[in-house]
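Quick note on labels: first sequence line is chain A, next is B, and so on, each numbered from 1.
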Amino acid sequence: MTVTYPDGSTVQLKKGSTFLDAAIAISEGFARKVLAAKINHEFYDLNRQIPGDASVTFMTFDDEAGRKLYWHSTAHVMAAAVKRLFPDAKVAIGPAIDEGFYYDFDVEKPFTEEDLEKIEAEMKAVVNEDSVFEREDISRKDALKLFTDMKEPYKIELAGELEDKNVSLYRLAGFTDLCRGPHIPSSGKIKAFKLLSSAGAYWRGDEKNRMLQRIYGISFPDKKMLKERLEWLEEVKKRDHRILGAKLELYSVDEETGAGLILWHPKGSIIRETIENYWREEHRKRGYELVFTPHIASERVYQRSGHLENYAENMYSPMDIDGTPYYVKPMNCPGHIKIFQSKMRSYRDLPIRLCELGTVYRYERSGVLHGMLRVRGFTQDDSHIFCTPEQAVDEVIGVLNFVVELMGIFGYTFKAYLSTRPEKSLGDEQSWESATTALKEALKRTNVEYELDPGEGVFYGPKIDIKLRDVLGRLWQGPTIQVDFNLANRFDINYIGKDGSEHRVVMIHRVVLGSMERFIGGLIEHYAGAFPVWLAPVQAVVMPLTDAQRDFAVSLVDKMRLVGLRVDLDDRNEKINRKIRDAEEMKVPYMLILGKREIETDTVSLRKRRDGDLGAVPVEDIIERIRVENKEKTRD
RNA sequence: GCCGAUGUAGCUCAGAUGGCCAGAGCGUCUCACUUGUAAUGAGAGGGUCGGGGGUUCGAAUCCCUCCAUCGGCUCCA
């Protein structure tokens, strides 16, 4: 038979040859790397026979599919180890995830740290045995009987739901699992792995179900890769905004004040204020109008908006004002709508772009709170654009261009997702169709690449989600652009058209930063606390060597502050080494060292954080340098 | 909310099996030193041992309960 490789070359193999044979035909070395094979979109284990003439693609750890099956296979190894150590454990599911794998088990007692170590040791044994993954195709009926005999209720449930008449089983080291496959040929292919954590997880993610114990892990074909991965995790830990936020005195959360409520300290406030000022400027430039709306509103408006119907579980209990219940606002939309409706609007007035740094409060379950990233009170950089249907595409384009520019300033790249109509949703098919088309058109015309996220839209309209990629390659929820039919209808938001009659507006809801809390929390990690000059709470510290330079230092600080720079004086009775160390620890971009020599020559010894000594520089040049970076928003 | 872990000075952490006034380093304050590119030295002050309740002659240590934090599940700006 003829096997065709992806590059178009072919090889003749005798009938009954396996995929491994086809890989060996390329080279022994390549065959060692190959994990599984694919014909069209169907995956095959390497030891399976090639069904006939075919175009075969091989998967290795270098491609995503290969990594996933490698990790998934490691999950099997882990399950085999767990079953050996805990024969009563019931197995649930064990998929690969973006970075690694997990397996859920139903056990009497949650796993402890020591258990994980034991499981790791047992996994090593399974790997050393170089156990082969054996596939068996059986009827669904037989599978059900098998898992009933094995007393594996979760597998019975899963097998019972499969549509196919036949299902596949995989056996490894005495452990039999219901699994579609494919797998790596044998457990010996796993060269390096580590179990990372265990935690409770509901069966099928539903809190009404029993809680299982999930173990997370990661594996690699090379010890070095595991080491790099563990170092990466260390780096993530070092950048944790909760640690850096405290160390750099940016914010705190206080138990007595309440969980999930951010206290912005002076240094954190400077960062926020700087971003907010920039944000306001950029919005005015683009024809947005800034507004303020109240923090509380009567229940009537939330009845009308539908929040009490659809969003009540995220809203706090009302307070009584003269017999009427009032709610703390969970969203800014009603306020903006009321401003729009305060007078008749002509098509000539549109688009109207109202924006607000609006602080909202939402109930979040205690277990989900997380530093600045998940809080109960936060300020959204919110905007609602009211426009005609014809203007919608251009408005979305405007927002996308805005996003591109703004995210570039912070050094983020991003990925866009278009979420379409979910099952539970409002509005007619035509509205959804035209709004989704408008979003697509805008993405196309701005050359923003996107992925489709079918059925992931909000109930009131389709949306574009933009995920930011930080320096460590992690994705963060960023800007969102949503078309909202619901509110436009509920509030009956109209404009007078050319024809003199009323028409429904198109309402576009969007945030660019998301919320100040989440955005800045993310920025802390993105920059590892070392904010660029324009955002740094302290841009420079002036350090006199001895008291003799103190007066000169004070006048230098004053001079720099006068031109708007954020400068501190470190005139503590400490050695210069100490002052430098402390400023480096606080991630201050510039250190200005003043000694006798400098004063004589009207220079300052300039030191850049992380880079070190830059030598003596005339005072004016230093001021200019920092001013330029401040103005240009230069990143390190 | 659920599962597990954790909570000792401003910070990082010691304090087996319950037993004299609860310790260290860093930071803070005071004094000395007047300093040349990542921690000068000495001294002093600082703790309801997360809150409440209980067991005990005696609790930071054991039990109950609440709160918060951390890792997840679910959800989300």
Side-chain angles (χ1 to χ4, degrees), chain A residues 102 104 107 109-113 115 196-216 237 240 242-243 246-247 249 252-260 311 313-314 330-332 358-382 458 465 476-480 509-519 521-522 543-550 571-585 591-598 605-616:
Chain A
Y102 68 77
D104 286 345
V107 281
K109 277 197 211 123
F111 297 111
T112 62
E113 295 270 327
D115 290 339
L196 298 171
S197 63
S198 73
Y202 300 107
W203 166 237
R204 312 209 130 163
D206 188 333
E207 65 190 51
K208 288 196 269 305
N209 292 336
R210 186 167 163 77
M211 182 159 280
L212 310 175
Q213 294 303 319
R214 175 171 299 177
I215 302 177
Y216 287 92
K237 221 163 145 188
D240 190 320
R242 293 165 300 183
I243 311 287
K247 194 177 128 202
E249 301 170 7
S252 63
V253 180
D254 169 63
E255 189 176 330
E256 199 170 341
T257 306
Y311 207 69
E313 71 268 26
N314 291 296
M331 290 190 192
N332 302 301
T359 304
V360 297
Y361 291 86
R362 298 182 188 171
Y363 173 71
E364 295 286 354
R365 309 214 280 179
S366 59
V368 306
L369 300 174
H370 184 89
M372 294 182 110
L373 299 182
R374 194 71 186 275
V375 294
R376 286 178 172 160
F378 55 97
T379 300
Q380 290 182 299
D381 69 313
D382 213 352
V458 204
D465 263 322
W476 301 76
Q477 177 60 52
T480 62
H509 165 105
R510 54 108 275 201
V511 293
V512 179
L513 305 177
S515 77
M516 298 315 294
E517 286 74 9
R518 184 172 282 183
F519 188 73
M543 305 174 175
L545 224 50
T546 73
D547 287 347
Q549 292 85 38
R550 197 178 171 281
D571 61 349
R572 289 176 304 166
N573 186 7
E574 293 289 353
K575 288 193 196 293
I576 198 67
N577 282 336
R578 178 52 179 278
K579 297 184 184 185
I580 288 167
R581 183 187 157 82
D582 288 347
E584 289 275 359
E585 292 271 314
M591 285 149 269
L592 311 183
I593 297 164
L594 275 175
K596 204 169 141 203
R597 288 204 304 262
E598 286 78 7
S605 212
L606 183 64
R607 190 189 162 97
K608 184 79 209 288
R609 87 181 148 205
R610 295 188 295 225
D611 298 344
D613 193 2
L614 299 179

Next on the checklist: Distance check, P atoms only: B:G52 and B:A14, in whole angstrom units.
Outcome noted: 24 Å
Distances for protein N/O vs nucleotides 6-14 of chain B N/O pairs under 3.5 angstrom?
none

Item to check | Counterpart residues, side-chain contact (heavy atoms from CB on, under 4.5 Å), relative to A:Lys596 (two or more places apart) | outcome: A:Gln549, A:Glu600
So which protein N/O to nucleotides 38-44 of chain B N/O distances come out below 3.5 Å?
| from | atom 1 | to | atom 2 | distance (Å) |
| --- | --- | --- | --- | --- |
| B:A38 | N7 | A:Arg607 | NH2 | 3.4 |
| B:A38 | N6 | A:Glu584 | OE1 | 3.1 |
| B:A39 | N9 | A:Arg581 | NE | 3.4 |
| B:A39 | N7 | A:Arg581 | NE | 3.1 |
| B:A39 | N7 | A:Arg581 | NH1 | 3.0 |
| B:A39 | N7 | A:Arg581 | NH2 | 3.2 |
| B:A39 | N6 | A:Arg581 | NH2 | 2.7 |
| B:U40 | OP1 | A:Glu574 | OE1 | 3.2 |
| B:U40 | OP1 | A:Arg578 | NH1 | 3.3 |

Item to check | Gap separating the CD atom of A:Glu585 from the NZ atom of A:Lys247, nearest 0.5 angstrom | outcome: 4.5 Å
Checklist entry - For A:Gly612, which contact category applies under a 4.0 Å heavy-atom criterion: base, sugar-phosphate, or nothing? => result nothing
Next on the checklist: Counting the atoms with a prime plus P, OP1 and OP2 as sugar-phosphate, which does A:Tyr311 contact under 4.0 Å by heavy atoms, base, sugar-phosphate, or nothing?
Outcome noted: nothing
Checklist entry - Base, sugar-phosphate, or nothing: which does A:Val511 touch, judged by heavy atoms less than 4.0 Å apart? => result nothing
Item to check | Check against side-chain contact (heavy atoms from CB on, under 4.5 Å), A:Arg210 and A:Tyr202 | outcome: CA-CA 6 Å; A:Arg210 186 167 163 77; A:Tyr202 300 107; over 6 Å; no
Next on the checklist: So that I can tick it off, tell me whether A:Arg242 and A:Asp240 are bridged by a salt bridge, with the cut-off set at under 4.0 angstrom between side-chain N and carboxylate O.
Outcome noted: yes
Next on the checklist: Can you measure A:Asp254 atom CG to B:G51 atom C1' for me and round it to whole angstrom units?
Outcome noted: 14 Å
Checklist entry - Does any N or O in the side chain of A:Arg362 come within less than 3.5 Å of the main-chain N or O of A:Glu313, such that one atom is a donor and the other an acceptor? => result no
Item to check | Spacing of the P atoms in B:A24 and B:G45 (rounded, Å) | outcome: 12 Å
Next on the checklist: So A:Glu598 and A:Pro544, do their side chains get closer than 4.5 Å, heavy atoms only?
Outcome noted: no
Checklist entry - Base, sugar-phosphate, or nothing for A:Val360, non-hydrogen atoms under 4.0 angstrom? => result nothing
Checklist outcome for this item: OG1 (A:Thr546) and NZ (A:Lys575) are apart, to the nearest 0.5 Å, by 12.5 Å
Checklist outcome for this item: Ranking A:Leu369 and A:Lys596 by the position along RNA chain B of their nearest nucleotide, the one closer to 5' is A:Lys596
Item to check | Atom-pair distance (CD on A:Glu598; P on B:U35), nearest Å | outcome: 14 Å
Item to check | Distance, rounded to the nearest Å, where A:Gln549 contributes CD and B:G36 contributes C1' | outcome: 10 Å
Item to check | Steps toward side-chain contact (heavy atoms from CB on, under 4.5 Å) verdict (A:Arg578, A:Asp582) | outcome: CA-CA 6 Å; A:Arg578 178 52 179 278; A:Asp582 288 347; 3.2 Å; yes
Item to check | Nearest listed nucleotide, side chain of A:Arg518, among B:G71, B:C76, B:G1 | outcome: B:C76
Checklist entry - What is the distance from CZ of A:Arg365 to P of B:C73, rounded to the nearest Å? => result 13 Å
Checklist entry - Knowing that exactly one of A:Val511, A:Thr379, A:Leu373 qualifies, which makes a side-chain contact (heavy atoms from CB on, under 4.5 Å) with A:Arg518? => result A:Leu373
Item to check | Nearest non-hydrogen partners of A:Asp613 and A:Arg607, listed with the distance | outcome: N-CG, 3.9 Å
Checklist entry - When rounded to the nearest 0.5 angstrom, what is the spacing between CD in A:Glu584 and CZ in A:Arg610? => result 8.5 Å
Checklist entry - Could A:Asp115 and A:Lys109 be called an ion pair, given the rule that one side-chain N must be under 4.0 Å from one carboxylate O? => result no
Checklist entry - When rounded to the nearest Å, what value does the distance between P atoms of B:C76 and B:U8 take? => result 34 Å
Item to check | Separation of B:U74 C1' from A:Arg362 CZ (nearest whole Å) | outcome: 17 Å
Checklist entry - Looking for any heavy atom pair under 4.0 Å, which part of the strands does A:Arg597 touch: base, sugar-phosphate only, or nothing? => result base
Checklist entry - For A:Gly615 and A:Asp240, take the nucleotide of RNA chain B holding the closest heavy atom to each; which residue's nucleotide lies nearer the 5' end? => result A:Gly615
Item to check | Nearest-0.5 Å distance that lies between atom CD1 in A:Ile580 and atom CD in A:Glu574 | outcome: 12.5 Å
Next on the checklist: Run the side-chain contact (heavy atoms from CB on, under 4.5 Å) test on A:Arg376 and A:Ser366 for me, step by step, so that the C-alpha distance in whole Å, both residues' side-chain angles and the decisive distance to 0.1 Å come before the verdict.
Outcome noted: CA-CA 10 Å; A:Arg376 286 178 172 160; A:Ser366 59; 4.0 Å; yes
Item to check | Distance, rounded to the nearest Å, where A:Glu364 contributes CD and B:A68 contributes P | outcome: 14 Å
Next on the checklist: Expressed as a whole number of angstroms, how long is the span from A:Arg572:CZ to B:C29:P?
Outcome noted: 10 Å
Checklist entry - Counting side-chain heavy atoms from CB outward, which of B:G36, B:A77, B:C70 is closest to A:Phe378? => result B:A77
Item to check | A:Gly514 backbone acceptor or donor facing A:Asp381 side chain under 3.5 Å | outcome: yes
Next on the checklist: So is the aromatic ring of A:Tyr216 stacked onto the base of B:G72, judging by whether the centres are under 5.5 Å apart and the planes are under 30° apart?
Outcome noted: no
Next on the checklist: For a quick check, tell me whether the side chain of A:Tyr202 and the base of B:G1 share a donor-acceptor pair closer than 3.5 Å.
Outcome noted: yes
For nucleotides 15-17 of chain B, list the nitrogen or oxygen atoms of the protein found under 3.5 Å from its nitrogen or oxygen atoms, one pair per line.
none

Checklist entry - When rounded to the nearest Å, what value does the distance between C1' atoms of B:U61 and B:G50 take? => result 15 Å
Next on the checklist: Rounded to whole Å, please give me the gap between NZ in A:Lys237 and P in B:G71.
Outcome noted: 10 Å
Checklist entry - Between the main-chain N or O of A:Ser198 and the side-chain N or O of A:Arg214, is there a donor-acceptor pair closer than 3.5 Å? => result no
Checklist entry - Between B:A42 and B:A5, how far is it from one C1' atom to the other, in whole Å? => result 42 Å
Checklist outcome for this item: If one requires at least 3 consecutive Watson-Crick or G-U pairs with distances under 3.5 Å, the stems of RNA chain B turn out to be B:1-7 with B:67-73, B:10-13 with B:23-26, B:28-32 with B:40-44, B:50-54 with B:62-66
Checklist entry - What distance do A:Thr359 atom OG1 and A:Met516 atom CE have between them, rounded to the nearest 0.5 Å? => result 10.0 Å
Next on the checklist: Using atom C1' in both nucleotides, what's the gap between B:G15 and B:A60 to the nearest angstrom?
Outcome noted: 9 Å
Write out a two-atom table: protein N or O, nucleotide N or O from nucleotides 3-5 of chain B, distance below 3.5 Å.
| from | atom 1 | to | atom 2 | distance (Å) |
| --- | --- | --- | --- | --- |
| B:C3 | O2' | A:Gln213 | NE2 | 3.0 |
| B:C3 | O2 | A:Gly200 | N | 3.3 |

Checklist entry - Using the C1' atom in both, what is the distance from B:U17 to B:C13, to the nearest Å? => result 22 Å
Checklist entry - Expressed as a whole number of Å, how far does the C1' atom of B:C49 sit from that of B:A68? => result 16 Å
Item to check | Distance in Å, A:Arg550 CZ paired with A:Leu545 CG, rounded so as to fall on 0.5 Å steps | outcome: 14.5 Å
